[in-house]
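Structure first, then comments.
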Amino acid sequence: MNESEIALICKALGDENRVQIIKMLTGGELCACKILDAFNITQPTLSHHMKILTECNLVNSRKEGKWTYYSINCEKFSEFKTAVSQFTCKTSTAKKSAGKCCCKD
């Protein structure tokens, strides 16, 4: 997964409602109406959120009659988790050089 894909997914997950939708979908496929019932938003707003989640390929959608069903794209989700897990935080064990930077002034 490249940096652009990671950034796109992070941007999609930058909204609390979309994070909640992803949490809901971890339980399996859901109809848009079931997702909508869990929020105090309009149908067009839900459609906007779902468009963002599907455009970054984190969520799959399928139509059945007049209903749309959503599920997590497990392959993309796993790729994203692997990519993010490579980010680490290390502390330096070297002694600080008395507040001086190695860069030239």
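Here the CG-OG1 distance, from Leu30 to Thr68, works out to 13.0 Å after rounding to the nearest 0.5 Å. To the nearest 0.5 Å, atom CD1 of residue Ile35 and atom CG of residue Leu25 are 5.0 Å apart. Here the straight-line distance linking atom SG of Cys56 with atom CZ of Arg18 works out to 9.0 Å at 0.5 Å rounding. With values rounded to the nearest 0.5 angstrom, Leu36 atom CG is found 11.0 Å from Met50 atom CE. Going from atom CD of Glu75 over to atom CZ of Phe80 covers 15.5 Å, rounded to the nearest 0.5 Å. The distance from the CD1 atom of Ile22 to the CG atom of Leu58 is 4.0 Å, given to the nearest 0.5 Å.
Two residues are said to be in side-chain contact when any heavy atoms from C-beta on lie closer than 4.5 Å; Asp15 and Ile52 fail this criterion. No side-chain heavy atom of Lys51 sits under 4.5 Å from any side-chain heavy atom of Ser47. Residues Ile9 and Met1 have side chains in contact (heavy-atom distance under 4.5 Å, counting atoms from C-beta outward). Side-chain contact check for Lys81 versus Phe77: some heavy-atom pair is nearer than 4.5 Å.
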Discussion item. Could you walk me through whether Ile72 and Asn60 satisfy the side chain to side chain contact (heavy atoms under 4.5 Å, CB included) test, starting with their C-alpha distance in whole Å, then the side-chain angles of each, then the deciding distance to 0.1 Å, before giving a yes or no?
Written reply: CA-CA 6 Å; Ile72 290 179; Asn60 296 318; over 6 Å; no

Practice prompt. Test side chain to side chain contact (heavy atoms under 4.5 Å, CB included) on Asn57 and Leu8 and set out the steps.
Written response: CA-CA 10 Å; Asn57 294 315; Leu8 192 60; over 6 Å; no

Practice prompt. Tell me, with the steps shown, if Tyr70 and Cys31 meet side chain to side chain contact (heavy atoms under 4.5 Å, CB included).
Written response: CA-CA 6 Å; Tyr70 296 98; Cys31 178; over 6 Å; no

Fill in: Worked check of side chain to side chain contact (heavy atoms under 4.5 Å, CB included) between Gln20 and Phe39
CA-CA 9 Å; Gln20 288 180 289; Phe39 295 91; 3.5 Å; yes

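The environment of Asn40 atom CG is sparse: at most 12 non-hydrogen atoms of other residues, nucleotides or ligands sit within 6.0 angstrom.
Looking at residues two or more places apart in sequence or on another chain, you find a side-chain hydrogen bond (donor to acceptor under 3.5 Å, both in side chains) between Thr45 and Thr42. Listed by chain and number, the residues in a side-chain hydrogen bond (donor to acceptor under 3.5 Å, both in side chains) with Glu29 are Arg62 (sequence neighbours excluded).
Closest approach of Ala12 to Leu53, counting heavy atoms only: CB-CD2, 4.3 Å. Between Glu5 and Asn2, the shortest heavy-atom distance links the atoms N-OD1, 2.8 Å.
Under the 4.5 Å side-chain heavy-atom criterion for Ile, Leu, Val, Met, Phe, Trp and Tyr, Leu46 and Trp67 are members of distinct hydrophobic clusters.
Looking at Gln86 and Thr82, their side chains never bring a donor and an acceptor atom within 3.5 Å of each other.
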